Amino acid sequence: MTEGSTEKIKRYDFKAIEEKWQTRWATEKTFKAEEDPSRPKYYLLEMFPYPSGRIHMGHVRNYSIGDVIARYKRMRGFNVLHPMGWDAFGLPAENAAIKHNTHPAAWTDENIEYMKTQLKGMGFSYDWDREIATCRPEYYRWEQLFFVRMYEKGLVYRKMTTVNWCESCLTVLANEQVIDGACWRCDNAVVPREMHGWFLKITACADELLSGCDTLSGWPEKVLTMQRNWIGRSEGLELDFPVEGSDHSLRIFTTRPDTVFGVTFMSIAPEHPMVALSQGTPQEQEVAEFVRRTRQALQQKDPDQELEKEGVFLGRSCRNPFTGEKIPIYVANFVLMEYGTGAVMAVPAHDQRDFEFATLYDIPVSVVIRPADGAPDPETMTAAFEEPGILVNSGKFTGLASSEARQAIIAHAEAEKIGSAKTTYRLRDWGISRQRFWGAPIPMIHCDACGTVPEKEHNLPVVLPTDIQLDASGRSPLHTLKSFYETRCPECNGSARRETDTMDTFMESSWYFARYACPQYTDGPLDKNAVDYWLPVDQYIGGIEHAILHLLYARFYAKVLRDLGYISIDEPFTNLLTQGMVIKDGAKMSKSKGNVVDPNELIERYGADTVRLFSLFAAPPERDLEWSDKGVEGSFRFLNRVFRLVQANRGLFNGTSPSLPENLNDQSRALPRKTHQTIRKVTSDLDRDFHFNTAISATMELVNALVSHIGEDAQDQSIDPAVAREALEAVLVLLSPIVPHFCEELWEETGHQSRLSGRPWPEFDPEAAKEEQLTIVVQINGKVRSRLLVDVGTPDDALEKMALADERAQSFIGENTVRKVIVVKNKLVNIVI
RNA sequence: GCGAGAGUGGCGGAAUUGGUAGACGCACUGGACUUAGGAUCCAGCGGCAGAAAUGCCUUGGGAGUUCAAGUCUCCCCUCUCGCACCA
């Protein structure tokens, strides 16, 4: 810092600057979004947080990424909707309330208040007037309405079934919420349990959810693959095998109808009802024992480990409807009751599992498919031949290729009425009943006379009571709270019992994106005009951990709401960005690992802008970000450097003509070139793939160029002031979405009346960005040997001559003959010798 | 096992369509200014050899295509994530 300068140089007082601008944005409602058909809309959404207490680095990163995009799109002229809210129902609130002897609502509200202050402190450009908290009756009443509507359409049903029960959370979990046999939330083992529960018929949308994946070109391939796998569609044949000495048939599902002539045994799941057929056979005891043992083993097994294949003869056989052969039935531990029909036609020659099983129990292997060259020999085979091929030993189908045979065999089965083409899915219906308190009540009523009936619409919402006492058992007070469950039947007005289960919290997050379009609307869940204007979400941002759970449910909900006439879109999120995790010392930040960095401390020390800058600079958004305290300091240093640069050069902004003079010296020509190249680079990085890290480094280069041209002393003035001013302004504008408080402050300080937040994004001038001279690389046999500085547009033959004449090139060519010369425009000359 | 993604200096990470590998930043080293420096500025910074000029090597490994390969093709290795007895 120059002591001699008369003007006192200010320090970068981030605290005062950030408070000042946050206050202005709030009072001026800078980021309020209103429908405006005259402008293109842009709906930017980040996954809303669970109000757990305080924000963490993952939030900071997620919302910083979103905020840059929101601010950038505004500057590009879009009418941007950028809302924020709270995914406020859920178990942590309930557990915390038990621990602190308070109400989950109180705990949640407190957290929301605190976290809201934190988010505001980060300077995120949300329209806070659209804030949503899903635990408020004004929100969940509509969810209850949707539930009733879905019930009326047959998309909701109740059944007794085996569910996933978490012993620690004391509630049922959906299939999507069981990760490797453990609870997604608390990681404790999940056990099966027979219970009543409410289900949403997501399987009714399986096909559309699957085909929709093909339309989601703005989603990461990885997420689409996960969704496709989860839906798990497979096409095949359902076929009945008549059981010997019984009226029953054993129905199987196969994706390989072409191997039906190779069936040598049947295998059924231990839970299969036809296990009962062993009664009265000599094997009865053995089968019962096996089933008992297998169930136990399945419960205790490590989900990563496959069980040793095992089975037992049922004592009964069935008949292959194609060959008439007698086929023994086995109960096998590897057959899943949940998939297909729970029964499999086993073809050891062409299925590896069946092969292993057959080898173990000495069951014959019958080859019915041969590869194009030769055929496997059942006597010497060591593994199943699973590829498609040509059918052999298959009656009238012999000689057909697998693909043709599939069609022919299905057609035959259908004609003979012994089977039919069938498509199965891995996807199961979504179990949404939760046995805990802190969730939206399910608006259903059980009446002895009328059965289970929905609550009348005008009685909604069914409000979650506040006068409750939670106890350490974790059991929901709703089950025993008479004032809640005692009610009248909406049909017959007789006394009835209200459903006391609550809804899965993923129900709230499945449609919040639509409610943001009209958060205060009271005439219905969604204002058609508003949702038609804003939806779909143009850019959605969140963690990959929701790849299946939330993102699949929300897609399902979009289709349901569309079919119910509430919205007009098929897919809720056009583009999806899955941001990476924040890592410290090689592991995800977590309390248990003790490697968390608290955003508050960093903001206190460096300010929000520095934290934003670093979290965007350290890695591209989709990758994991390794947190580095030193790196944060580097970002802070950079901002200080720009701050000093602007302070030292404030003179540039005092009445200098903004137009650029025609005749500039070399230096004054180089700077605008760099300026416009930077504008081009930053713009394309922001447009193309949100690679803020390279956008920031490009701006740093421009700052470096500025510092070396005009210095931080402002005294070395060989450069044209208008040129320097243009470059300096570009730095502030380009950085403004990333470090908004900082840029607004300097913008104002350099005499601008307007706000950066309302300013259009700069257009780069291709003429100004054009280089006058280029470095052309001279290669000999592909190795760089020399460089030439030439004027842009030097013709190829001239380049070739210059390269061949080049002294250094000559020394490499020596006595060798030049065989070929390749000239690449504006890039290089390669001399082949 | 299946599917997706990744492998580049001490570190985070850059490199349109194949065309100067290592931008930008961190760390480090030397110097300047200084009462001080954890501020700031200047210089250096992939490896090997060399005083230097410069040369050779270098994008997980190995082949190949090409005038030219981090980038394309084939094989292999490692890591991360997801699914996993799906019939």
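First the proteins, then the strands, lettered A, B, ... as listed; each starts at 1. Source: prediction; values computed, not measured.
The separation of B/U8 from B/A15, taken at their P atoms, amounts to 15 Å, rounded to a whole angstrom. Rounded to whole Å, the separation between the C1' atoms of B/G22 and B/G13 comes to 10 Å. When the C1' atom is used for both B/G10 and B/U29, the distance is 13 Å, rounded to whole Å. Look at the C1' atom in both B/U71 and B/A14: the space between them is 14 Å, to the nearest Å. Of the P atoms belonging to B/G70 and B/G62, the separation is 13 Å, rounded to the nearest Å. Taking atom P in both B/A43 and B/G25, one finds a spacing of 13 Å when rounded to whole Å. B/C28 and B/A39: their P atoms are spaced 10 Å apart (whole Å). Taking atom P in both B/C11 and B/A23, the straight-line distance is 15 Å, to the nearest Å.
Within 4.0 Å (heavy atoms only), A/Glu338 reaches no atom of the nucleic acid at all. Looking at heavy-atom distances under 4.0 Å, A/Arg680 makes no contact with the nucleic acid at all. No contact: A/Phe614 has no heavy atom under 4.0 Å from any strand. Within 4.0 Å of A/Asn640, counting heavy atoms only, lies no atom of the nucleic acid at all. Base contact: A/Val335 has a heavy atom under 4.0 Å from a base atom. Heavy atoms of A/Pro620 sit under 4.0 angstrom from primed sugar atoms or phosphate atoms, though from no base atom. Within 4.0 Å (heavy atoms only), A/Val824 reaches at least one base atom of the nucleic acid.
At least one side-chain heavy atom of A/Glu771 sits less than 4.5 Å from a side-chain heavy atom of A/Gln677. Residues A/Thr254 and A/Leu239 fail the side-chain proximity criterion, which asks for heavy atoms closer than 4.5 Å. A/Ile369 is listed as a side-chain neighbour of A/Leu391, based on a closest heavy-atom distance under 4.5 Å. Proximity of A/Leu613 to A/Tyr606: side-chain heavy atoms (C-beta onward) are nowhere separated by under 4.5 Å.
Annotation: cation-pi pair A/Lys309/A/Phe357 absent, no NZ/CZ under 6.0 Å from the ring centroid and within 45° of its normal.
B/G37: glycosidic angle beyond 90° from 0, hence anti.
Pairing for B/U34 is absent, with no Watson-Crick or G-U wobble pair whose two atom distances lie under 3.5 Å. The partner of B/A23 is absent, by the rule that a Watson-Crick or G-U pair needs both atom distances under 3.5 Å. In this structure, B/G55 forms a base pair with B/C48, meeting either the Watson-Crick or the G-U wobble geometry with both donor-acceptor distances under 3.5 Å. Using N1 to N3 plus N6-O4 or O6-N4 for Watson-Crick, or N1-O2 and O6-N3 for G-U wobble, each under 3.5 Å, B/A63 pairs with B/U73. Base pairing analysis places B/A14 opposite nothing; no Watson-Crick or G-U wobble pair with both distances below 3.5 Å involves it. Summarising the base pairing, B/C79 is matched to B/G5 through a Watson-Crick or G-U wobble pair whose two defining distances lie under 3.5 Å. Look at B/A43: its Watson-Crick or wobble partner, with both distances under 3.5 angstrom, is B/U29.
Atom C1' of nucleotide B/C79 and atom CG of A/Asp624 are separated by 13 Å, given to the nearest angstrom. Rounded to a whole Å, the CD atom of A/Glu386 is 15 Å from the P atom of B/C85. Atom CD of A/Glu626 is separated from atom P of B/G13 by 8 Å (rounded to the nearest Å).
In the set B/G55, B/C85, B/U20, B/G55 carries the atom at the smallest distance from any side-chain atom of A/Phe812. The A/Arg808 side chain lies nearest to B/G55 when the options are B/G55, B/C85, B/U40. The listed nucleotides are B/C67, B/A87, B/U20; the one nearest the side chain of A/Asn830 is B/C67. The side chain of A/Lys827 lies closest to B/G19 when the candidates are B/A84, B/G19, B/G12. For A/Val784, taking side-chain heavy atoms from C-beta onward, the closest of the listed nucleotides B/A21, B/A14, B/G19 is B/A21.
By the 6.0 Å contact criterion, CD on A/Gln352 is enclosed, its count of non-hydrogen atoms from other residues, nucleotides or ligands being greater than 12. Residue A/Lys825 places its NZ atom among more than 12 non-hydrogen atoms of other residues, nucleotides or ligands, all under 6.0 Å distant. With a 6.0 Å radius and a threshold of 12 heavy atoms from other residues, nucleotides or ligands, A/Arg293 has its CZ atom above the threshold.
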task = List the steps and the verdict of salt bridge (charged side-chain N to carboxylate O under 4.0 Å, His left out) for A/Arg228 and A/Glu221.
result = CA-CA 10 Å; A/Arg228 288 191 184 107; A/Glu221 198 51 46; 3.4 Å; yes
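Residues A/Phe261 and A/Phe322 bring their aromatic ring centres within 6.0 Å. Between A/Phe617 and A/Phe638, the gap from one ring centroid to the other reaches at least 6.0 Å.
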Name the pairs: protein N/O against N/O of nucleotides 1-6 of chain B, kept only if under 3.5 Å.
none

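Between A/Asn693 and A/Lys820, the residue whose closest nucleotide on RNA chain B is further toward the 5' end is A/Asn693. Between A/His691 and A/Ile544, the residue whose closest nucleotide on RNA chain B is further toward the 5' end is A/His691.
For B/U16, neither phosphate oxygen OP1 nor OP2 lies less than 4.0 angstrom from any side-chain nitrogen or oxygen of A/Ser684. Close to B/A84, at under 4.0 Å from its OP1 or OP2, lies no side-chain N or O of A/Arg353.
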Whether each nucleotide of nucleotides 24-29 of chain B has a protein heavy atom under 4.0 Å at its base (B), only at its sugar-phosphate (S) or at neither (-) is summarised, 5' to 3', as BSSS--
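Between A/Pro220 and A/Thr578 the shortest heavy-atom distance is CG-OG1, 3.8 Å.
The pair A/Arg256-A/Asp258 counts as a salt bridge, with a side-chain nitrogen and a carboxylate oxygen less than 4.0 angstrom apart.
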